Every structure is written in C-alpha cells, then in structure tokens.
J.: 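Before I ask anything, let me first share the structure, which is written out below as structure tokens.
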2 protein chains.
Amino acid sequence: MTLARTIKRPTLHQELVDRIRDLVIEDRLKPGEKVPEKELCEAFGVSRTPLREALKVLASEGFVELQTNRGARVAEVTREELQDTFPVIARLEQLAGELACVQLSDAEIARIDDKHKAMVAAFEARDRPRYFKENQSIHQALINGANNKILQDHHKLLAAKIKRARFMVNLSDERWATAIAEHEIMIAQLRARDAEQLGQTMKHHIENKFRSIMKLLDDQA
Amino acid sequence: MTLARTIKRPTLHQELVDRIRDLVIEDRLKPGEKVPEKELCEAFGVSRTPLREALKVLASEGFVELQTNRGARVAEVTREELQDTFPVIARLEQLAGELACVQLSDAEIARIDDKHKAMVAAFEARDRPRYFKENQSIHQALINGANNKILQDHHKLLAAKIKRARFMVNLSDERWATAIAEHEIMIAQLRARDAEQLGQTMKHHIENKFRSIMKLLDDQA
DNA sequence: TTTTGTAATAATGAATTCAATATTACATGA
DNA sequence: TCATGTAATATTGAATTCATTATTACAAAA
C-alpha cells in the first residue's frame with residue numbers, strides 16, 4: 001500500500017483523521033472496503049493506538065463503519081443517505097447565503113465574483129476537474145462568509161458525503177449548464193445584497209443538483 | 001468520584017462516549033473542568049485506551065476540548081457558540097416540521113398531541129423539569145417524524161449543546177407562556193397538515209427561544 | 001517575603017502486549 | 001466433489017508499558 005507518507009504534527013490521531021477521511025472522500029479507499037489496520041499503520045508509520053482512535057472519530061462522522069470484533073469498513077454512499085443529506089445541506093446553504101449576503105465585504109464579494117468567472121471559464125473549456133474545484137471554492141467562500149463556526153462544521157461533514165457521490169455519477173451537460181445559470185443568478189443577488197433571494201436560490205441550486213443526481217442513479221439501475 | 005457504574009456492552013468506547021457525553025449535558029462535568037482520565041477510568045472500571053478513544057470522539061462532537069499534552073477539558077458553553085448554534089438548529093427544525101407534517105400518521109400525530117397535553121399540564125403545574133422533558137419529547141417526535149437519519153444525527157448534536165444552556169439561565173415565566181402558545185399553534189398546524197406553516201412556526205419558535213436566552217445572558221452581564 | 005531554578009512527581013501520547021474473537025486452511029467423511 | 005469439523009493463524013478490543021512533557025514542591029537567592 002502506498003497511500004500516504006509518514007507523519008509529524010501535534011497529535012497523530014488528528015492527522016490520521018484528516019488523512020484517512022481524505023482517502024475516503026477521494027475514493028482512494030473504496031466504499032465497503034475493509035480498512036486494514038495493519039497496512040494503514042505501516043503506511044503511516046504509526047502504531048495501532050492512534051490509528052484506532054482516528055477510526056472511532058471517522059465512524060462518528062460517518063465515513064467508516066465499525067463492526068465489533070470485525071474491524072472497520074469504508075461507509076457506502078447509499079441512495080438513502082444522499083436522499084437524507086441533500087435536503088439538510090440545502091437548508092444549511094440557504095442559511096449561509098442569507099448570512100453571507102449581509103456579512104461579506106464588497107472586496108470579498110469581488111473575490112467570489114473572480115472565482116465565479118474562473119468557474120465559468122472552466123465550464124467553457126469543459127474542464128470538469130477545474131470546474132469542481134472552482135465551484136467548491138465558491139460554495140466554501142459563501143459558507144465561510146456566514147461567519148458561523150457551527151454552520152461551517154456541519155456543512156463540511158455533509159459536503160464531504162455529497163462529494164463522494166461524484167464517483168457514482170457524472171455531471172450531465174444539461175445539469176452543468178443549468179448549474180452555471182443558477183450561479184449567475186446567485187452572483188447577481190449577492191452583489192445586490194438580496195439576502196432572502198440568495199438563500200432561496202442556493203437552496204434551489206442544491207435541490208436541483210439533488211434531483212439530477214437521483215435521476216442519474218435511477219437511470220443506472 | 002461517583003459519577004457512574006461499571007460497564008458491559010459491545011464496545012467500551014461506544015458506551016463511554018454516551019456516558020461521558022451525558023455527564024457533560026447533565027452538567028455533572030462542569031464547563032472548563034479538566035477531564036481526569038485516571039478518575040474516570042476508575043469510575044467506569046476501564047483502562048485508559050477506550051476512555052481516550054471516547055474522548056477523541058467527544059472532542060470531534062465538541063463536548064470536550066483536547067489540549068496537546070495537557071489532556072481534555074469540558075467545553076464551555078459560550079455565548080458565541082449559542083449564537084452560531086440556534087440559527088442552524090432553527091433551520092433543521094423547520095425542515096423537520098415540513099417533512100414530519102406529511103409523513104406522520106394520524107395515530108402518531110395523536111400521540112404527539114398527548115405529549116402536548118402533558119406538557120401543558122406541566123406548565124400549569126409550573127413543573128419545570130417535567131416541562132423540559134415533555135417539551136423535549138415533542139421536538140424529538142417531530143424530528144423523528146421527518147424520517148431522515150442525517151437530520152436526526154445533526155439535530156441531536158446541536159440540541160445537546162443547547163440543552164447545556166439551561167444551566168446558564170432560567171426559563172422566564174414570560175417566555176414560558178409564549179412557548180406554550182407557540183406549541184399550541186404548532187399542534188394546530190400539524191393536525192391541519194400544513195407543512196409549510198408548521199415549518200415556519202417551528203423556526204420562529206426556536207428563534208424566539210434564542211432571543212430570550214440571549215437577553216437573559218445579557219442581563220446577567 | 002517574593003522570585004527563580006531545579007528536582008520530584010504526575011499526566012499524557014503512543015507503542016506494545018495480552019486475551020478473546022474471527023478467519024483461514026485443511027483434513028475427514030459423506 | 002462437496003460439506004463439515006477442527007486446528008492454525010490472524011485480527012481485534014482493551015490493558016499495560018514506556019518515553020516525553022507538564023506540573024508541583026521546594027530550596028536558594030534577591
């Protein structure tokens with residue numbers, strides 16, 4: 001296994017939590033796969049104690065599942081979980097939009113506008129990886145703009161789960177174009193400081209993404 | 001220390017997470033207090049390994065804070081955290097109300113109505129502990145009625161944080177009466193299956209509670 | 001007295017060990 | 001061949017041990 005390099009940092013388990021979570025989100029550890037303590041210990045150059053501490057935390061976050069006496073498995077991304085996750089994150093983004101709209105400085109809004117332009121460029125170049133990155137950066141900026149630690153923490157967890165779904169279905173061209181259009185509206189509302197409307201648009205934006213993904217999943221079956 | 005009895009159950013750390021979290025929520029472990037591993041190990045009759053695993057999980061949930069080489073402390077309930085938490089939980093309850101309204105059976109609604117009556121009785125008897133319990137039971141029933149695991153999990157964490165605030169301020173008589181009135185409206189809307197409105201009322205209900213608590217906190221200072 | 005330095009003590013983070021459980025390999029009999 | 005039982009092996013959960021860091025106690029000097 002060559003998943004990562006050894007470690008420094010304050011405490012091992014904190015570093016491990018972040019690293020292993022990332023392996024899960026980035027699909028380096030596949031859903032349903034068992035998490036082999038021994039191999040990960042060797043890969044990271046740590047003993048089982050901090051690794052197991054990390055696994056408990058990841059289990060409470062929902063990225064792995066612990067089976068008594070049978071170790072840990074990477075959590076599956078189920079249709080049901082997505083179905084539960086999207087409505088919740090939609091409300092969180094709505095709230096974030098409302099708060100960010102009144103709290104962001106003009107300069108910060110201009111920076112988000114820059115990201116938006118970069119995202120549109122990625123769309124026009126049909127560069128999916130770059131689009132994903134820019135898109136994520138915009139949403140993150142809006143979440144951070146809400147200036148609410150609790151909101152950030154809970155959003156981070158939910159966003160990570162949804163992120164994993166990108167390995168299940170491909171963004172359709174149609175949805176892609178619609179998403180861009182929705183972002184244009186968001187930017188306009190953000191510049192107009194229309195908090196209520198921005199929240200509404202962001203909520204719908206997520207709900208539309210939700211519908212698109214669910215349709216694609218159905219089509220696969 | 002006589003905080004708890006020894007343990008059985010599948011894995012020790014899971015049990016410990018629940019037990020220690022409960023000690024924090026019930027204010028048996030005070031905010032800012034250091035969590036003495038040794039004593040807790042003795043109190044629960046376990047070694048440091050599962051206890052420390054539990055502390056990492058509780059830290060990720062925000063109930064304790066880990067300081068490298070200096071152990072764990074019970075997290076404080078800060079004004080700032082409450083200020084961040086309430087808006088989020090308000091949206092979650094709003095969503096829960098909308099979903100529960102269309103998903104609960106008539107029988108389940110009748111059961112919630114029973115709880116409501118019990119809560120009103122507790123109010124009339126000015127029995128705060130009983131009121132808290134019944135109130136919590138109603139909100140929990142509505143959350144569960146949404147039938148959304150993610151929503152339940154995230155709500156549970158946020159609700160626990162807010163619950164801790166009850167040791168900081170006392171429910172005022174005025175707020176208490178208003179809360180009862182809001183619950184009356186909720187029940188009516190639930191019976192009328194008016195999802196949108198119920199969601200709205202639940203959101204406002206939490207927001208009003210928020211304002212009340214903040215005012216009381218300000219008055220203390 | 002108060003401050004500062006230092007030794008002793010205690011606690012923490014992480015590795016290791018140990019007992020219990022699960023998994024695998026393999027032999028035996030249908 | 002295919003089950004089925006059993007021994008060997010590996011993995012897991014938890015206790016223990018060990019090295020490091022923090023805390024405390026206390027002495028010497030200002």
Side-chain angles (χ1 to χ4, degrees), chain A residues 1 3-21 23-24 29-76, chain B residues 1 3-21 23-24 29-76:
Chain A
M1 186 176 297
L3 295 176
R5 203 54 258 116
T6 50
I7 286 178
K8 35 265 154 220
R9 241 236 247 197
T11 72
L12 293 182
H13 97 271
Q14 286 170 25
E15 176 81 21
L16 288 170
V17 167
D18 287 342
R19 296 244 209 153
I20 299 173
R21 189 199 295 110
L23 293 177
V24 173
L29 289 171
K30 306 290 183 188
E33 194 175 294
K34 70 178 170 342
V35 182
E37 289 185 7
K38 200 143 154 288
E39 289 181 42
L40 281 180
C41 286
E42 287 166 17
F44 287 114
V46 301
S47 76
R48 285 176 61 220
T49 303
L51 187 101
R52 288 169 56 81
E53 289 170 350
L55 289 178
K56 315 292 187 210
V57 171
L58 290 168
S60 94
E61 293 182 350
F63 293 106
V64 306
E65 284 168 13
L66 303 178
Q67 303 165 292
T68 309
N69 285 328
R70 303 183 55 182
R73 292 190 169 276
V74 178
E76 309 265 1
Chain B
M1 186 176 299
L3 295 175
R5 202 52 260 115
T6 52
I7 286 180
K8 33 263 155 226
R9 241 235 248 200
T11 72
L12 293 181
H13 98 271
Q14 287 169 26
E15 176 82 21
L16 289 169
V17 166
D18 287 342
R19 297 245 209 151
I20 299 173
R21 189 198 295 111
L23 293 177
V24 173
L29 290 171
K30 306 289 183 188
E33 193 174 294
K34 69 180 172 340
V35 182
E37 288 185 9
K38 200 142 153 287
E39 289 181 41
L40 281 180
C41 286
E42 286 165 19
F44 289 114
V46 301
S47 75
R48 287 176 60 218
T49 304
L51 187 100
R52 287 169 56 81
E53 288 169 351
L55 290 178
K56 314 294 186 207
V57 171
L58 289 168
S60 95
E61 293 181 350
F63 293 106
V64 305
E65 283 167 12
L66 303 178
Q67 304 165 291
T68 309
N69 285 327
R70 304 184 54 183
R73 292 189 169 275
V74 179
E76 308 266 2

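Numbers restart at 1 for each chain; the letters A, B, ... are given by sequence-line order, proteins then strands. Predicted model, so just to flag it, every value in this text is computed and none were measured.
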J.: Using every non-hydrogen atom in the two residues, find where A:Val74 and A:Lys30 come nearest and quote the distance to one decimal.
T.: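 Scanning both residues, the minimum pair turns out to be CB-O, 3.2 Å.
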J.: Just the rounded figure in Å: distance from C1' of D:dT20 to CZ of B:Arg70.
T.: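 Rounded to whole Å, this separation is 15 Å.
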J.: Salt-bridge test for A:Arg21 and A:Glu61: reply yes if a basic N is under 4.0 Å from a carboxylate O, no otherwise.
T.: yes
J.: Between C:dA15, D:dA15, D:dA22, spot the one nearest the side chain of B:Pro50, thanks.
T.: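 The nucleotide sitting nearest to the side chain is D:dA15.
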J.: For B:Leu51, which of B:Leu12, B:Val35, B:Leu40 qualifies under side chain to side chain contact (heavy atoms under 4.5 Å, CB included)?
T.: B:Leu40
J.: Quick check: do B:Ser47 and B:Cys41 have side-chain heavy atoms less than 4.5 Å from each other?
T.: no
J.: Rounded to the Å, how far apart are B:Lys38 NZ and C:dT12 P?
T.: 10 Å
J.: When you measure from the side chain of A:Arg73 to the backbone N and O of A:Gly32, does any donor-acceptor pair fall under 3.5 Å?
T.: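 Checking the backbone N and O of A:Gly32 against the side chain of A:Arg73, a donor-acceptor pair under 3.5 Å is found.
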J.: How many whole angstroms separate atom CG of A:Leu16 from atom C1' of C:dA14?
T.: 11 Å
J.: Would you tabulate the nitrogen or oxygen pairs shorter than 3.5 Å linking the protein to nucleotides 16-19 of chain C?
T.:
unit_1	atom_1	unit_2	atom_2	d
C:dT16	O4	A:Thr49	OG1	3.2

J.: Once rounded to the nearest 0.5 Å, what's the spacing between atom CZ of B:Phe63 and atom CD1 of B:Ile20?
T.: 12.5 Å
J.: Whole Å only: how far is the CZ atom of B:Arg73 from the C1' atom of D:dA22?
T.: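 Between C1' of D:dA22 and CZ of B:Arg73: 12 Å.
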J.: Consider the side chain of B:Leu12, meaning its heavy atoms from C-beta on, and name the nucleotide among C:dG13, D:dT11, D:dA15 that approaches it most closely.
T.: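 So the nucleotide nearest the side chain must be D:dA15.
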J.: For the pair made of CZ in B:Arg52 and P in D:dG13, what is the distance, rounded to whole Å?
T.: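 Atom CZ in B:Arg52 sits about 18 Å away from atom P in D:dG13.
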J.: Would you mind telling me which residue lines up with the more 5' stretch of DNA chain C, B:Thr68 or A:Asn69, judged by nearest nucleotide?
T.: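 The residue whose closest nucleotide sits nearer the 5' end is B:Thr68.
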J.: Expressed in angstrom and rounded to an integer, what is the separation of A:Glu39 atom CD from D:dT11 atom C1'?
T.: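 Answer to the nearest Å: 12 Å.
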J.: Check the distance between D:dT12's C1' and A:Lys34's NZ and give it to me in whole angstrom.
T.: 13 Å
J.: Expressed as a whole number of angstroms, how long is the span from B:Leu66:CG to C:dG13:P?
T.: 7 Å
J.: Flag the pair B:Leu55 / A:Lys56 as yes when at least one side-chain heavy-atom distance between them is below 4.5 Å, and no otherwise.
T.: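 No, side chains not in contact.
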